[in-house]
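Have a look at the structure below, then the notes.
Just so we're on the same page: letters track the sequence lines, and every chain starts at 1.
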Protein chains: 2
Amino acid sequence: MLKPTKTRPLDRIDLAILDALQKNSRISNVNLAKEVNLSASPCLDRVKRLEAEGYIERYGAVLNAAKLKFGLTAYVEVTLDKSTSEVFDSFAERVQEIKQIAECDMVAGGFDYLLKIRISSMAEYRAVLGEVVDIPGVAKNHTYVVIEKIKNDEGLPIV
Amino acid sequence: MLKPTKTRPLDRIDLAILDALQKNSRISNVNLAKEVNLSASPCLDRVKRLEAEGYIERYGAVLNAAKLKFGLTAYVEVTLDKSTSEVFDSFAERVQEIKQIAECDMVAGGFDYLLKIRISSMAEYRAVLGEVVDIPGVAKNHTYVVIEKIKNDEGLPIV
DNA sequence: AGAAAAAACAGCAGAATATGCTGGTTATAT
DNA sequence: ATATAACCAGCATATTCTGCTGTTTTTTCT
């Protein structure tokens with residue numbers, strides 16, 4: 001019989017560590033320990049455990065999109081004309097290859113996929129849209145260009 | 001007379017540094033230097049400069065949403081019934097307060113705002129939707145629940 | 001409730017890293 | 001061609017990481 005991996009629930013300190021790290025992943029361990037009222041060693045132990053248990057997927061830097069020529073964002077709704085796993089799979093595959101597609105979700109409620117694309121200009125948007133509509137099975141699409149960012153994704157509200 | 005701040009374009013090494021950091025912000029400076037074929041000091045200088053010039057907005061940890069009770073994602077399209085700056089402002093203000101709203105963009109092309117919400121259950125979704133429709137000026141909304149994540153946002157494709 | 005076991009904790013020491021400084025090189029502009 | 005400025009590598013010191021030890025607290029089982 002398979003013993004389930006011992007998965008202790010997270011306590012208040014674990015959540016404080018996760019929140020501190022998602023707000024600033026380059027904080028030194030000693031400062032992190034101070035922030036969560038722990039000494040350095042147990043704090044480091046907990047961070048290692050949270051990493052090992054998969055609560056932390058990765059540490060990343062958030063870059064300034066506008067300064068790096070990705071100032072425009074658009075959402076594209078895509079409808080496929082056939083619902084076969086073959087069409088789904090080839091669509092998913094092509095989506096990985098088009099680097100301007102930042103995110104792609106399969107959704108329920110009216111169309112099939114919602115794409116978030118990041119581009120530098122409408123000319124580049126036009127080029128990307130051309131690539132998307134050429135994917136086999138794509139029947140319809142509709143684009144919504146972002147005019148203003150109202151709320152930025154700053155991580156999970158775990159506190 | 002105001003001298004424009006000397007803004008040198010980014011070279012290949014700068015881009016390599018930014019890409020390495022967005023993929024792993026906790027890399028040590030000496031390893032980062034190795035990766036971009038530099039010695040430690042100039043590498044650190046460049047990182048500091050990229051931070052100061054705003055290319056790096058912040059360093060964060062990406063947490064596992066499913067393990068932290070945010071396993072469901074939904075997109076909500078919202079249409080307002082009046083286009084006054086007063087309605088816009090109060091909407092933006094309320095959006096900041098509702099913590100399940102991870103992202104909010106004002107868009108052109110059919111409706112006014114696209115919300116990305118993260119919740120743990122349909123019951124919580126129902127509660128959040130109630131809060132959204134109670135914001136003054138909200139006329140219509142439509143929800144698309146995410147069935148499958150096809151492509152995750154892994155940062156800007158700067159290489 | 002009490003004893004045994006397990007987990008968590010703080011402090012310490014050696015290894016690794018960050019960081020400011022110096023001198024030398026390369027690129028840029030006049 | 002020369003002067004100027006930016007960039008680079010290496011070094012020294014201060015800080016931080018990280019594994020280890022003994023102690024305390026919490027949990028579990030009787």
Between CD of B:Glu53 and C1' of D:dA6 the distance, given in whole Å, is 13 Å
In short, the helix from C:dA1-D:dT30 to C:dT30-D:dA1 is bent end to end, axes from five pairs each side, to 10°, by 60°
Just how far, in rounded Å, is P of C:dA18 from CD of B:Glu51?
-> 12 Å
Is the shortest heavy-atom distance from the side chain of A:Leu18 to the side chain of B:Leu68 under 4.5 Å?
-> yes
Residues clustered with B:Val30, ILVMFWY side-chain links under 4.5 angstrom = none
Where along residues 22-35 of chain A does a heavy atom come under 4.0 Å from DNA chain C, residue by residue in number order?
-> none
Would you say C:dA7 has OP1 or OP2 under 4.0 Å from some side-chain N or O of A:Arg49?
-> no
All side chain to side chain contact (heavy atoms under 4.5 Å, CB included) counterparts of B:Arg49, not counting sequence neighbours | B:Arg8, B:Asp14, B:Arg46, B:Glu53
Residue pairs, two or more places apart or on separate chains, that pass ring pair (Phe, Tyr, Trp, His ring centres under 6.0 Å) and touch residues 20-44 of chain A | none
Check the distance between D:dC8's P and B:Asp11's CG and give it to me in whole angstrom.
-> 7 Å
Check whether any side-chain nitrogen or oxygen of B:Arg46 sits under 4.0 Å from OP1 or OP2 of D:dC8, and answer yes or no.
-> yes
Salt bridge (Lys or Arg N to Asp or Glu O under 4.0 Å) involving A:Asp19 - partner list, sequence neighbours excluded = A:Lys23
Which pairs count as salt bridge (Lys or Arg N to Asp or Glu O under 4.0 Å) when at least one residue sits in residues 26-40 of chain A, sequence neighbours excluded?
-> none
For residues 81-103 of chain B, the ring pair (Phe, Tyr, Trp, His ring centres under 6.0 Å) pairs (sequence neighbours left out) are B:Phe91-B:Tyr113
Pairs meeting criterion ring pair (Phe, Tyr, Trp, His ring centres under 6.0 Å) with involvement of residues 30-54 of chain B, two or more places apart | none
Give every residue pair that meets the salt bridge (Lys or Arg N to Asp or Glu O under 4.0 Å) criterion with at least one member in residues 96-105 of chain B, sequence neighbours excluded.
-> A:Lys116-B:Glu103, A:Lys149-B:Glu103, A:Lys149-B:Asp105, B:Arg94-B:Glu97, B:Glu103-B:Lys116
Figure out the CG/P separation between B:Asn37 and D:dC8, and round it to whole Å.
-> 12 Å
Which of these, A:Leu129, A:Ile117, A:Leu115, sits in a side chain to side chain contact (heavy atoms under 4.5 Å, CB included) with A:Thr143?
-> A:Leu129
So which pairs with a foot in residues 119-148 of chain B pass ring pair (Phe, Tyr, Trp, His ring centres under 6.0 Å), sequence neighbours left out?
-> A:Phe111-B:Tyr144, B:His142-B:Tyr144
In B/S/- notation, 5' to 3', how is nucleotides 20-30 of chain C contacted by protein heavy atoms closer than 4.0 Å?
-> B----------
